[in-house]
Every structure is written in structure tokens, then in C-alpha cells.
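The structure appears right after this line, and notes come after that.
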Amino acid sequence: PEPKYLGREDVRNCSTSPERLPVTAVNTTMRLAALRQQMETWNLSAYIIPDTDAHMSEYIGKPDKRREWISGFTGSAGTAVVTMGKAAVWTDSRYWTQAERQMDCNWELHKEVSISSIVAWILAEVPDGQNVGFDPFLFSVDSWKNYDQGFQDSSRHLLSVTTNLVDVAWGSERPPVPSQPIYALPKEFTGSTWQEKVSAVRSYMEHHAKTPTGVLLSALDETAWLFNLRSSDIPYNPFFYSYALLTNSSIRLFVNKSRFSLETLQYLNTNCTLPMCVQLEDYSQVRDSVKAYASGDVKILIGVSYTTYGVYEVIPKEKLVTDTYSPVMLIKAVKNSKEQALLKSSHVRDAVAVIQYLVWLEKNVPKGTVDEFSGAEYIDELRRNENFSSGPSFETISASGLNAALAHYSPTKELHRKLSSDEMYLVDSGGQYWDGTTDITRTVHWGTPTAFQKEAYTRVLMGNIDLSRLVFPAATSGRVIEAFARRALWEVGLNYGHGTGHGIGNFLCVHEWPVGFQYNNIAMAKGMFTSIEPGYYHDGEFGIRLEDVALVVEAKTKYPGDYLTFELVSFVPYDRNLIDVRLLSPEQLQYLNRYYQTIRENVGPELQRRQLLEEFAWLEQHTEPLSA
Amino acid sequence: RAPHIISWTSLWVASALAILSWSS
């Protein structure tokens with residue numbers, strides 16, 4: 001089937017004269033002029049603006065949205081480069097249409113994301129001998145190495161400039177850095193105490209082949225997890241800006257001290273300097289403090305994926321021990337039995353909210369009273385009513401018809417589409433609860449789907465089932481098994497342009513690295529949680545995604561061996577109206593019916609306990625066993 | 001929420017370096 005012609009009035013057209021810009025485009029002319037003025041002052045011919053913050057966060061706070069401010073493009077992934085005459089953004093397929101809607105004609109859009117393509121463009125635009133500037137606190141060691149390698153054989157100089165030039169151009173309009181209180185999670189919501197976690201990391205360091213004396217933690221989920229602390233510096237992520245330097249004899253936490261209550265200071269043992277006392281230092285001191293520590297007889301372990309070049313460059317190379325991920329990332333990836341139980345229980349409550357929403361939609365969409373935005377607001381409200389809720393885990397993706405073809409479309413109060421029984425609707429949403437983070441996607445159709453829509457949906461479901469029921473050897477990397485989620489789509493020439501899953505955990509970020517199915521994810525191990533989320537997007541018509549969270553568990557095999565499989569902990573049935581059972585194999589059908597039985601067992605009693613009888617009846621009906 | 005596909009560039013660079021150092 002050919003993609004439908006969109007009319008494209010919603011996107012910019014820079015080839016006409018005058019250029020045609022949609023209302024959603026941002027005028028960046030003055031912003032670019034202010035940045036170029038700074039570039040001139042610093043003698044830079046190009047300036048690279050990545051999409052992250054000083055902690056390599058995927059979601060960033062308002063003061064860190066530099067790429068968004070300079071380009072107008074609000075997608076969560078994408079790098080901008082500004083030269084004296086040109087400006088360009090590189091982003092992946094999830095955001096191409098969004099970028100065309102939001103950027104004005106000052107900007108080129110490059111539909112790729114590799115650093116090599118960015119470097120190639122800079123080499124073509126910047127003359128020999130000129131400087132290319134970057135903020136070292138916005139580049140991981142890994143990405144700096146890739147850029148550096150790209151420029152090595154050229155005569156352009158990659159220059160680390162610790163003053164952020166976008167911030168200077170942004171000036172007083174730049175939002176302030178957050179200062180909300182940082183609080184300790186009640187112990188019933190944590191898998192271990194912070195002292196136990198510190199001991200585990202120290203033990204890891206002792207057993208490390210290069211015996212580091214200290215580990216520097218830069219990612220925000222590392223400090224939040226290690227100390228069982230949370231705050232709200234970043235939307236949807238309960239984090240606080242911080243670093244930690246954990247050594248064999250001391251613990252230093254770099255954070256604004258005024259954000260702690262007296263009780264939390266006591267919880268952290270901040271009034272001593274013993275090995276189990278947390279010494280607080282100001283956030284801005286991290287570079288100097290690491291430099292001072294590195295002057296001793298020490299070896300500092302860093303995970304290069306999350307440590308920025310800004311901190312890395314002050315550690316002498318002979319005192320560095322580098323791994324891809326810090327020990328905290330690796331230990332955190334495997335949830336202990338208490339953490340698993342907490343996460344599962346948050347998913348039961350979350351399923352209640354999603355089921356309530358689906359029942360509500362079924363009743364109200366035919367009346368024509370629901371739109372994408374009011375729907376998103378309602379499901380967020382349902383989650384907020386759940387115990388231990390701390391709001392959504394990301395901006396709800398509520399997309400009807402052609403809007404669902406944009407994998408990360410979110411409606412606004414001003415711009416949204418009415419839900420209708422005549423088209424498909426995709427809702428991808430999640431909650432932050434004190435016991436767990438959730439993330440689930442369901443796609444539904446309340447009318448008569450086309451044969452192609454049913455086939456595409458069923459094949460996405462087959463991909464989800466094939467990966468979910470897979471039995472594989474322990475310590476297999478996710479990338480090795482990822483194709484199982486795509487096979488049913490591939491065999492008829494369909495595919496999707498995003499990853500197949502991501503780690504998720506206990507009240508941290510919704511995409512909890514390093515678990516997942518990509519080349520830089522760590523090998524699968526018992527106790528990890530990952531999402532499984534194949535999809536299919538038909539530009540201009542509809543989008544499908546079926547996402548569940550799964551726990552990695554031991555598999556029972558006919559012959560003895562160390563094998564793993566997945567156990568779904570998302571408990572919401574798929575849309576029967578869109579499943580073509582004729583396409584399912586007997587094994588897939590059997591798996592699906594067994595999953596539906598699990599949903600009944602886990603969520604049914606909770607619905608009854610709350611007297612949600614309409615929802616209970618709906619669940620019974622939608623989890624009736626399917627037959628070929 | 002769907003994760004984006006990570007660029008393979010650094011892996012290619014790492015593989016190329018590994019092959020080069022092995023050959024030499």
C-alpha cells in the first residue's frame with residue numbers, strides 16, 4: 001500500500017518563494033544571530049549543540065533544552081550544528097515530520113543520526129585550520145572520541161569550550177536551575193539500603209581486575225538509585241542534578257546542600273567523614289574535586305557512556321580505569337526479589353488505570369466527545385488516583401489515525417484530533433509510582449478496521465509474542481534476539497524505525513539503560529526488566545505499537561541448561577477487533593491465551609476488590625480465550 | 001515509549017580498530 005499524500009500543509013516548504021511556514025514553526029533568526037556573535041568572540045567556525053545535559057540524560061530539564069531553543073525542534077533526540085552561514089539538525093525517523101513542522105527555513109534537516117555524517121557535513125562547511133567548538137559537559141567520553149576521531153585526519157580543530165555559548169545567547173530568558181527538595185524514599189519502596197548499595201559497589205571495585213580506588217558517578221539515575229533519593233529536576237524523571245565520587249574510604253555527593261531537610265541530612269550521615277558518611281560538596285565543585293582526588297595515588301573508574309568529557313579531561317590518563325558502564329549501572333540493571341515484587345505490584349495498579357481508560361473510551365468515543373488531548377488528560381488523571389502515584393513517566397502519546405504514524409506524537413490543548421470509531425487509536429503512556437515505573441502501549445479500533453490494518457496489527461502482535469515467548473541462553477545480548485520481534489513484519493515487507501525495547505525499573509527513568517535490545521546494551525540476565533514493543537507506522541494513515549514490560553526469568557527447558565525467557569508484567573489485553581487469528585500459529589495462540597489467563601489472575605481480583613464491576617466484566621470479555 | 005535506534009558508528013570504529021590492531 002502506498003502512503004497517502006498528506007497535503008503537507010502542516011510542514012514547512014522552503015523551496016517556494018516566499019517560503020511557507022506552518023504556525024508550529026519557530027522563528028530562530030535572532031537566536032542564531034546571538035549565537036553566531038558568541039562564536040565569533042570565541043573564534044569558532046562551527047558549534048555543536050547536542051540534545052542532552054551534563055549527565056547524558058535522555059529527558060532533560062528546561063534549562064538544558066539548548067538544542068530546542070536554538071532550533072525550535074522539540075524532539076528528544078537530535079543534534080544541531082551551527083556555522084557562520086548555515087544551521088542543521090540531525091535526527092531519526094521518529095522526528096522527521098515533527099522537525100519539518102517546528103523548524104523554520106534557517107535550518108537544514110538531516111535524516112540520519114550518525115556522528116560520522118555530522119562530521120562529514122562540518123568538514124564540507126568549515127574551511128581548513130578553523131575551530132569547531134563544543135561544551136565538554138554535554139559530550140560523553142564515547143561521543144567525544146567519535147567526533148575527535150572524525151576530525152583527526154583533517155586540519156580542523158575540535159575545541160572544548162567550558163562556557164556554553166547557547167546559554168550566553170539565551171541570556172536571562174534561560175529558565176532557572178531547579179531547587180525543589182531532595183527526599184529519601186521510604187524503606188518499604190527500596191530494594192536495599194544505600195549503605196548496602198555502597199558496600200556492593202565497593203566490593204565490585206575490589207574485585208575489578210584494575211582495582212580502582214574510586215568510581216565517579218555522573219548519570220542522574222545512578223545517584224538517585226545509590227542513595228535512594230529522589231526529586232523533580234527533570235520532567236517525568238524523579239532525579240536531581242548531582243554527581244558522586246565513591247571511593248574505598250569516602251563518599252562525596254555533589255549537590256546543592258540547601259535542598260536537603262535536616263532529616264535527610266541525618267539519613268545520609270553527613271556530619272562525619274568515615275567510609276559510610278556522605279560528604280556533601282557543591283554541584284559546581286565536581287571538576288575541581290575530581291581533579292584534586294586524581295592528584296593522589298588513586299585510580300578512578302568511570303563508565304564512558306555517561307561520563308562527560310568535561311570531567312574526564314581533568315583525570316590523568318594513567319589514573320583512569322574506563323568501562324562502558326559504571327558498576328552502579330550494572331548492579332542496578334538486575335532487580336532483587338523485593339524490587340521485582342514492587343515493580344510487579346505497580347504494574348497491577350497501572351493495569352487498572354489503563355483498563356478503566358479503555359472502558360471509558362469504548363463508551364465515549366462513539367458519542368464523539370473524546371479527543372486525543374482530553375483522552376491523554378483522562379488517563380493521566382486515572383493514574384494519579386492510583387496509590388503511590390508520582391505522575392506520568394513521560395508525556396502521554398495519545399494519537400488517532402494518521403497522527404499515530406508519528407511514533408512520538410503528543411497532542412496539545414490547541415492541536416489535537418477527535419477520536420472516532422472510524423480510525424485506529426494508539427495510546428502509549430506510563431506512570432511513576434514509588435514502587436515502580438510503568439510504560440505500556442495499546443492500539444485499538446472501535447469500528448471496522450481494514451484488512452491491511454488487521455494484518456499489520458496482528459503481525460506486530462506476532463512479533464511481540466515471538467520475542468516474549470523466546471527461550472534463549474543466559475547472557476545472550478538483546479541485539480541477538482531482537483529480530484524475533486520483527487520477523488512477522490519483515491516476511492511481508494513491513495518494519496518499524498525504532499528500537500524494540502528498553503530497560504525499566506523502580507521509580508527511575510522510563511528508558512532505564514543499559515538493558516535493552518541494541519548493540520550497546522548489556523547481556524540479558526535473570527531479574528532484568530525490559531519493554532518489548534514492536535510497531536508499524538503507515539505514514540499519513542495510522543500507527544500501531546504494542547508494548548509490554550517483561551521480567552527476564554529462568555526458562556524451563558526439556559534438557560538441563562542455563563536458559564532464560566520473558567514473563568510479561570503488563571496486564572492489559574490487546575484489541576480483539578484487530579487480531580486476525582488466522583495468522584497466528586498454534587504456539588502463538590496458546591501463548592496469548594495463557595497470557596490472558598495471567599491478566600485475569602493478576603488484575604481481576606484487584607478490580608473486584610475496588611468494586612470496578614464494569615471494568616471487571618470488560619476484562620473477562622476481552623480475555624476470553626481466542627481460537628483459530 | 002519507543003527507544004530510538006542507537007548509531008552503529010562507534011561499534012564500527014571499535015571493530016575496525018580491533019581488526020587493525022590484530023593485523024599489526
Side-chain angles (χ1 to χ4, degrees), chain A residues 58-59 75-78 90-95 112-119 140 142-143 145-146 149-150 236 304-305 393-397 407-408 428-430 439-441 479 496-504 510-511 513 516-521 530-531 533-535 537 545 547, chain B:
Chain A
E58 181 184 3
Y59 288 81
S76 64
W90 283 256
T91 191
D92 66 86
S93 66
R94 294 172 304 169
Y95 297 114
E112 48 191 337
V113 289
S114 68
I115 290 174
S116 57
S117 66
I118 299 174
V119 170
S140 71
D142 255 359
S143 58
K145 276 185 181 161
N146 282 320
Q149 196 129 29
Y236 310 112
V304 290
S305 302
S393 55
F394 57 93
E395 187 178 12
T396 295
I397 296 164
H408 280 176
D428 181 353
S429 60
D439 181 6
I440 181 168
T441 311
R479 69 173 189 275
Y496 54 93
H498 55 72
T500 293
H502 55 82
I504 190 165
V510 69
H511 288 172
W513 225 243
F517 296 95
Q518 303 203 42
Y519 81 87
N520 58 357
N521 289 131
T530 178
S531 74
E533 49 181 307
Y537 307 91
R545 185 158 62 255
E547 175 185 23
Chain B
R1 194 173 152 88
H4 69 284
I5 291 181
I6 305 295
S7 158
W8 281 74
T9 310
S10 54
L11 184 69
W12 289 338
V13 169
S15 310
L17 289 174
I19 292 164
L20 286 173
S21 65
W22 177 73
S23 315
S24 59

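Throughout, protein chains are lettered first and strands after them, A, B, ... in sequence-line order, and every chain is numbered starting at 1. Values below: every heavy atom of this structure, side chains too, minus hydrogens, waters and symmetry copies.
Applying the side-chain hydrogen bond (donor to acceptor under 3.5 Å, both in side chains) test to T91(A) and every residue at least two apart in sequence or in another chain returns nothing. Not a single side-chain hydrogen bond (donor to acceptor under 3.5 Å, both in side chains) links S305(A) to another residue, sequence neighbours left out.
Looking at Y95(A), the atoms closer than 4.5 Å to chain B (heavy atoms on both sides) all sit in the side chain, from C-beta outward.
Annotation for T500(A) and P3(B): closest pair N-CG, 4.4 Å, computed over non-hydrogen atoms.
Y236(A) contributes atom OH, which lies 9.0 Å from atom CZ of R1(B) (distance to the nearest 0.5 angstrom).
Chain B forms more heavy-atom pairs under 4.5 Å with one residue of S531(A), G501(A), S143(A) than with any other, namely G501(A).
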